[in-house]
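The structure appears below as structure tokens.
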Amino acid sequence: MKLASFNVNSVRKRAPNLLRFLDREAPDLVVLQELKCRTEEFPALELQGAGYARHVLGQKGGRNGVAILTRGESELLADRLPGEDEDEQARFLAVAWRGITVAGLYLPNGNSGGAEGLAYKWRWMERLRAWAAAQLDAFAPLAILGDFNVCPTDADLAPGALPPEDALVHPQTRARWRALTHLGLTDALLALHPEEPPFTYWDYGSAFEQNRGLRIDHALLSPELAERLEGSGVDTAARAEESPSDHAPVWITLAG
DNA sequence: ATGCCTTGATAGTCAAGA
């Protein structure tokens, strides 16, 4: 089966792109980020006809908003990341689906809001680590997909694409990424493309044609799902379309 | 090197994205 993550940069603006992606790649599950709309404003897509059910968590204003589309029904497990009760940002969903737990997330960028904005990103990453650790302790087969806003190493960005103090490449951001993956999670894109992990984001303008990109959208798998990993990739066709998102979808295929 | 483009909220610009 195929799972995917797509930061659409406005689901209303990108509804045609999303439908083309679903038609082309036929994922069984896709997590969406940057809906940029309220829950009730999520566009009336032809999803039910294509066999997709959905959980949508929108938010007015800002860039947030996440959703999970599944072939067949799924059970909503969480619509917020535990650990910070006052955090109202729509960035996290988790569902139970076909015997696995799937989280879809939009991790804070961390470059706005000054020191507090960066601190929020790092707290969010620590909360994610704690949540993932609890899932693994309970032996839940776990897949975490989304826009992590983290370039894990210097191989994950074009040289000079970001200044060294950027929140996406900051040493403390990378340390928190390692604390997460070192729980025993497999980076599915890296595992199958270790020599040249593909980029998932290219700035608007000439970045895509110059392949001046970043790898910030990720799929992390618990050990039992990593053993089922058959393929992974980036749907660059979606980024090459007219009026694209600045992100391309990431997909993985699992046996069974 | 930089939000160089893009979007949404809002009413001419501005913040935020990465």
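Everything numeric here is computed off the predicted structure, so don't read it as measured data. By convention in this document, chain letters (A, B, ...) are assigned in the order of the sequence lines, proteins followed by strands, and residues within each chain are numbered from 1.
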Give a yes/no on whether any side-chain N or O of A:N149 is located under 4.0 angstrom from OP1 or OP2 of B:dA18.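 Looking at the OP1 and OP2 atoms of B:dA18, one of them is under 4.0 Å from a side-chain N or O of A:N149.
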Tell me whether the OP1 or OP2 atom of B:dG17 has a side-chain N or O from A:H247 closer than 4.0 Å.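 No, A:H247 has no side-chain N/O under 4.0 Å of OP1/OP2 on B:dG17.
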Rounding to the closest angstrom, what is the interatomic distance between B:dG3 and B:dT7 at atom C1'?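 Roughly 13 Å separates the two C1' atoms.
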What's the gap between B:dA1 and B:dT13 when it is taken at their P atoms, as a whole Å value?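 32 Å, rounded to whole Å.
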Considering only side-chain heavy atoms of [X], which listed nucleotide, [options], is closest?
X      : options              : result
A:Y204 : B:dT6, B:dG3, B:dG8  : B:dT6
A:Y106 : B:dT7, B:dA18, B:dA9 : B:dA18
A:N109 : B:dT7, B:dA9, B:dG17 : B:dG17

Near DNA chain B, counting only heavy atoms under 4.0 Å, which residues of residues 151-175 of chain A show up? A:L168
Please give me every residue in residues 114-128 of chain A whose heavy atoms get under 4.0 Å of an atom in DNA chain B, ordered by residue number.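 None - not one residue of the stretch has a heavy atom sitting under 4.0 Å from the strand.
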With 3.5 Å as the limit, what N/O pairs link the protein to nucleotides 14-16 of chain B?
residue, atom, partner, partner atom, Å
B:dA16, N3, A:R63, NH2, 3.3

Taking for A:G62 and for A:P108 the nucleotide of DNA chain B with the nearest heavy atom, the one nearer the 5' end belongs to A:G62
Is A:R14 touching bases, backbone alone, or none of the nucleic acid, heavy atoms closer than 4.0 Å?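 The answer is sugar-phosphate, as A:R14 gets under 4.0 Å only of primed atoms, P, OP1 or OP2.
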